[in-house]
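Following: one structure in structure tokens, then a few remarks.
The basis for the numbers below is simple: all heavy atoms, side chains too, and nothing from hydrogens, waters or symmetry mates. One-based numbering, in listed order, for ligands and for the atoms of each.
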Amino acid sequence: MSAQGISRNLVSYSDAGFSRFLRNAFLAAAGYGSEELSLPVIGIADLSSDFNPCHRQMPELVENVKRGVLAAGGIPFVFPTASLGETFLNPTAMLYRNLLAIETEELIRAQPMDAAVLLGGCDKTVPAQLMAAAVSDIPVILDVVGPMLTSSWRGERLGACTDCRRFWARYRAGDLTDAEIGDVEGNLASTSGTCMVMGTASTMAAMTEALGMMLPGGATPPSPSGERLRHGTATGHRAVELAREPILPRDILTTEAFENALHVLAALGGSTNAVVHLLAVACRAGVRLTLDDFDRVSGDTPLLVDLKPSGTGYMEDFHRAGGVPVLLKSLEAALHPEHVGVTGRSLGEQLAGTQAPPAWQDVIRTTKDPLGPPGALAVLRGSLAPDGAVIKTSAASSELLVHEGPALVFDSPEDAAQRLADPGLDVSEDHVLILRNAGPVAAGMPEAGSLPIPKRLAAAGVRDMVRISDARMSGTSYGTVILHCTPESAVGGPLAFVRDGDRIRLDVPARRVDLLVDTDELRRRRESWRPPDLPVRGWRRLYAETVLPASLGADLEFL
Ligand code: FES
């Protein structure tokens, strides 16, 4: 029998007895006795950081997970990993998702533990942890810090971060004074927890639950609630059971699991970032998932959940209405009921005890009474994105889904920031704003794709325009925004050759996005094109040299 518990993964001194003796000696210094050390060891990844206010309540959650582990007869060992605070990492937390994934994978593999609990929340943490879990040889269970509660400003309900963008757009347009925007700033993120709309954090928490990597009901309890803490306790308890009767992530992360998750993503009107993240997790899990799967499932699944930015509500409303379990019940006919997650029970067994969306609420709809038509997320192809691009149609303007207009090109997010703020910029609302050099290789794929409306047009009341890029956008954003154009411009993708005034045609119903320039002219432009300079050292160089395209999940090729 292979080594268990604290005897796993001994340091290599060419003398296993000495390695264990030495480990025991250092554990004795930390107060552990040999009886305790015979128990199943549960590693708990703690992503507390002063640079990640969304995880402010994580220390309390860690204590509850530890309590669950102890109550079930295990012994908890807490270990830190990087904590990716979305608003604190330059140029984007996405650049560090793969770094956290590698770090977590290696710490699970190298340290002695029989099962791991991974605690995340803020946008890139959960995908990174799922990527690490997918290649783990021990049981792994995830839990999250949970969403913030809403606040209000002058009687209007307020939450991060769809309202952040809405109020900032009003401020840019001159609707709000400096004092008023300062007031709003103090009320947008009013408690601990993750953004409380259906942004990336909420979406990936729901994906984790739908994949079966989290105990049911874990995606939605608000961060400050007792229910959140009790879920942490139950997670710790379950981790000990998993250590004794291993169900491995590779048993859970199956084709059926991803199919189920894709239905939930579509019904939620979830973040476009989930496309990149799920592709990366599936790739590591050995599941063949493609962009076309997202379009297919989305095309069959109506929008069922009324949350911003696609709808009007917030995560606490979704939670009160029953959260992911009730949504799964609503989608039951389309799901794979035989799938088994960390509970050890099939989804069908789980849903047998779950109620359908209750009549007293209207946040979670039934498929007979949906909030919106199928196709909340669409995958486009065409001469601007031969390998694919995505659009969140549920958060776009319906009148712009078919549009033709002249291009206005920005060479980088910095170029866009500078010129879009210029009231003298020569631009009309018919223009198509093009941003390039913002893909994974060029820039780590920042959330720069939701370009602000040019200042002059914003002041004149224009609220949406067609915007196209190789960047991502925040899951909390809205607008007619085409993202993840692949191949990206930095490797010679078509965005690199667009010039101001070129005609661009978007046709979402036909799933097309095209540059209307003849092929001879494009060939001439390609011949004179030079790729941008890339980072010369460190992680950024390794990343730029080895990152895969967004259409494959933007993991590093050797992973
Ligand atoms: Fe952390 Fe939104 S900034 S979840």
Under 4.0 Å to a heavy atom of Glu86 - the qualifying atoms of ligand 1, by number = 3 (S)
Proximal atoms of ligand 1 relative to Cys54 (non-hydrogen, under 4.0 Å) | 1 (Fe), 3 (S), 4 (S)
Examine distances only and state if a side-chain atom of Ser330 and a backbone atom of Val326 form a donor-acceptor pair shorter than 3.5 Å.
-> no
Side chain or backbone of Cys195 under 4.0 Å from ligand 1, or both, or neither, by non-hydrogen atoms?
-> both
Short list, please: which atoms of ligand 1 are under 4.0 Å from a heavy atom of Thr194?
-> 4 (S)
How far apart are the closest heavy atoms of Val69 and Ile44, and which atoms are they?
-> CG2-CD1, 4.5 Å
Atom indices of ligand 1, in the order listed, that fall short of 4.0 Å to a heavy atom of Ala201 | 4 (S)
Between Thr150 and Glu316, is any side-chain donor less than 3.5 angstrom from a side-chain acceptor?
-> yes
Between Glu488 and Asn437, is any side-chain donor less than 3.5 angstrom from a side-chain acceptor?
-> no
Would you check if there is a donor-acceptor pair between the side chains of Ser225 and Arg230 at a distance under 3.5 Å?
-> no
Is the shortest side-chain N to carboxylate O distance from Asp464 to Arg467 below 4.0 Å?
-> yes
Atom indices of ligand 1, in the order listed, that fall short of 4.0 Å to a heavy atom of Asp123 | 2 (Fe), 4 (S)
Within 4.0 Å of some non-hydrogen atom of Cys122, the atoms of ligand 1 are 1 (Fe), 3 (S), 4 (S)
